[in-house]
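To keep things clear, I will list the structure first and then write my remarks on it.
Naming convention: chains lettered A, B, ... in sequence-line order (proteins, then strands); numbering from 1 in each chain.
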2 protein chains.
Amino acid sequence: MKKAEETKQIILDKAYELIYSNGYHATSIDDIIHASRLTKGAFYYHFKNKEEMALAMLNDVLFPYLEETMVQPLNNALSPADDLYGMLSYLLLDDPYFEPAFGCPLGNLIQELAPTNGSLNSALLTMTNAWEEAIVKCVNHGKKTGLLKVETKAKQVAYFIMSGYWGARLLGKIHASDAPYKVYLKEVKQYLQSI
Amino acid sequence: MKKAEETKQIILDKAYELIYSNGYHATSIDDIIHASRLTKGAFYYHFKNKEEMALAMLNDVLFPYLEETMVQPLNNALSPADDLYGMLSYLLLDDPYFEPAFGCPLGNLIQELAPTNGSLNSALLTMTNAWEEAIVKCVNHGKKTGLLKVETKAKQVAYFIMSGYWGARLLGKIHASDAPYKVYLKEVKQYLQSI
DNA sequence: CATAAAAAATACTAGTTGGTATGTTTTAGG
DNA sequence: CCTAAAACATACCAACTAGTATTTTTTATG
């Protein structure tokens with residue numbers, strides 16, 4: 001009962017690593033069980049198929065971490081501009097689990113799986129909506145406290161921030177460097193002062 | 001001599017369509033020849049392997065079109081803000097070959113192929129750099145004519161615009177709609193007036 | 001129209017994929 | 001300790017992958 005949960009967690013952790021760096025389709029079940037030092041029997045004892053494993057990986061590994069790094073920092077309610085910049089800056093430059101060459105794990109999966117439209121896709125949408133909502137709340141709070149202009153549209157800002165972040169991840173990927181992040185962050189800082 | 005070029009073009013066109021909508025790895029050679037109503041013999045007569053075919057697809061199909069829609073509109077030299085907005089707006093809302101559910105063909109391939117680092121990757125980087133350069137030139141021209149602030153940093157603006165566009169494509173993909181594009185465009189319009 | 005080369009079709013291979021069926025070991029509870 | 005279920009291993013399968021070898025058809029040209 002206890003050991004089983006451990007190996008299940010090992011599979012999910014290794015699956016996350018491999019899928020983050022290589023993509024969902026490019027990561028085979030053989031790859032995952034080999035990295036986990038396990039066999040097919042173990043894998044299919046714990047998961048019905050690849051898709052259900054990936055869903056568990058999202059809910060148990062990726063989403064809790066994204067909640068921690070993308071959503072919670074926006075509940076600080078200090079200055080919206082600082083909170084938003086801090087979230088972006090941490091994600092792009094300081095986060096120890098993300099690498100420029102591998103992009104954003106959430107963005108990668110959306111890119112790869114969105115057209116297929118399975119159960120994974122709706123999970124990705126839910127996480128995306130949670131992030132959007134956190135930004136919207138952050139901006140609206142700033143408008144109430146007078147730190148942001150009243151005419152600022154929260155949803156527009158949210159989409160603008162999210163888009164910029166995900167696109168910056170692409171630039172980092174094609175350049176295999178965090179240099180684009182720094183350039184992007186300078187401009188987003190100016191933008192945040194203008195709203 | 002003439003017929004051969006025709007079938008070659010058919011393969012490249014179908015390959016582009018399939019890869020744009022399904023991704024590079026998810027598109028098999030069998031898929032391509034089936035859509036082209038051809039066979040393996042024809043495919044491997046014209047191309048050495050899948051990668052070289054994809055490279056030809058980029059150079060003969062995708063890049064010329066991107067040059068036309070992403071780069072040339074910025075050579076208008078009217079108003080940089082209007083030129084940049086016009087390029088983004090056309091790409092996101094009016095372009096007949098791009099669909100929200102399938103994202104940006106260039107962005108998709110960067111996302112999928114950047115970690116592998118083959119010959120395709122350097123081609124994608126070259127195209128990306130051409131786009132960046134066009135935006136930089138556009139901004140710098142605007143600074144000279146006084147339409148943009150002198151303190152505006154061209155490269156920062158370029159990365160900001162490119163990031164926003166690619167990220168908006170992701171939002172469109174996860175929502176399978178062009179609604180996020182419209183929200184993004186409203187905010188980018190305001191941003192362009194602030195530089 | 002004959003013919004050689006070009007263009008394309010057919011048949012095949014070796015390796016990989018997700019998934020299954022059937023074993024063997026390990027573990028918890030009486 | 002015994003035993004049944006849980007946890008995992010091994011062996012296998014059909015479908016699919018990129019790519020090759022060989023054969024057939026089509027085309028241009030003397």
Side-chain angles (χ1 to χ4, degrees), chain A residues 1-58 60 109 112-113 115-121 123, chain B residues 1-58 60 109 112-113 115-121 123:
Chain A
M1 288 280 187
K2 193 67 183 305
K3 182 83 185 313
E5 284 303 313
E6 270 180 40
T7 66
K8 192 173 179 177
Q9 199 61 39
I10 288 174
I11 292 175
L12 293 180
D13 287 342
K14 292 294 179 185
Y16 166 74
E17 283 180 32
L18 291 170
I19 290 174
Y20 173 45
S21 50
N22 301 331
Y24 179 77
H25 286 115
T27 301
S28 70
I29 294 177
D30 280 352
D31 291 338
I32 294 169
I33 61 180
H34 185 259
S36 307
R37 295 170 172 272
L38 290 167
T39 58
K40 282 245 167 100
F43 184 95
Y44 281 96
Y45 175 78
H46 290 284
F47 306 102
K48 211 183 86 188
N49 51 35
K50 187 181 179 182
E51 189 174 354
E52 288 220 353
M53 183 280 299
L55 200 59
M57 181 272 280
L58 291 182
D60 295 5
L109 288 170
E112 195 176 351
L113 301 177
T116 71
N117 218 36
S119 66
L120 292 176
N121 203 28
Chain B
M1 287 280 188
K2 192 67 183 304
K3 183 80 185 315
E5 285 303 313
E6 270 179 40
T7 66
K8 193 173 178 179
Q9 199 61 39
I10 288 174
I11 292 174
L12 293 180
D13 287 343
K14 292 294 179 185
Y16 166 74
E17 282 180 33
L18 291 170
I19 290 174
Y20 172 44
S21 50
N22 302 330
Y24 178 77
H25 286 115
T27 302
S28 70
I29 294 176
D30 280 351
D31 290 338
I32 295 168
I33 62 180
H34 186 259
S36 307
R37 297 171 172 271
L38 291 168
T39 56
K40 282 246 168 100
F43 184 94
Y44 281 97
Y45 176 79
H46 289 284
F47 305 103
K48 213 183 84 188
N49 50 36
K50 187 182 180 183
E51 189 174 356
E52 289 220 351
M53 183 281 299
L55 199 61
M57 181 272 280
L58 291 182
D60 294 5
L109 288 170
E112 193 176 353
L113 301 177
T116 71
N117 218 37
S119 67
L120 292 176
N121 203 29

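- Using a 4.5 Å cut-off on side-chain heavy atoms (C-beta onward), A:Leu109 and A:Leu58 make contact.
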5' to 3', nucleotides 9-23 of chain C under a 4.0 Å protein heavy-atom cut-off (B base, S sugar-phosphate only, - none) gives BB------SBBB---
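- As a whole-Å value, the separation of B:Ile10 CD1 from C:dA7 C1' is 13 Å.
- In this structure, the separation between NZ on B:Lys8 and CD1 on B:Ile10 is 13.5 Å, given to the nearest 0.5 Å.
- In this structure the side chain of A:Asn121 never reaches within 4.5 angstrom of the side chain of A:Thr116, judged on heavy atoms.
- Atom-to-atom, CD of B:Glu5 to C1' of D:dT27 comes out at 15 Å; the value is rounded to the nearest Å.
- Taking the screw axis at each terminus of the helix from C:dC1-D:dG30 to C:dA28-D:dT3 from five consecutive base pairs, the angle between the two is 10° to within rounding of 10 degrees.
- By the 30° and 60° cut-offs, the orientation of the rings of A:Tyr20 relative to A:Tyr16 is parallel.
- Using modelled atom types, one side-chain atom of B:Glu112 and one backbone atom of B:Tyr24 make a donor-acceptor pair closer than 3.5 Å.
- Look at A:Tyr45 and you won't find any side-chain N or O under 4.0 angstrom from OP1 or OP2 of D:dC8.
- Remark: A:Tyr44 pairs with A:Ile29, A:Lys40 by the side-chain contact (heavy atoms from CB on, under 4.5 Å) rule, at least two apart or across chains.
- Close to C:dA8, at under 4.0 Å from its OP1 or OP2, lies a side-chain N or O of B:Thr7.
- Regarding B:His46, its NE2 atom lies at a distance of 6 Å from the P atom of C:dA7, rounded to whole Å.
- To the nearest angstrom, P of D:dC16 lies 12 Å from NE2 of B:His34.
- For A:Lys50, the NZ atom sits in a packed shell: over 12 heavy atoms of surrounding residues, nucleotides or ligands are nearer than 6.0 Å.
- The closest side-chain heavy-atom distance from B:Phe43 to B:Leu38 is not below 4.5 Å.
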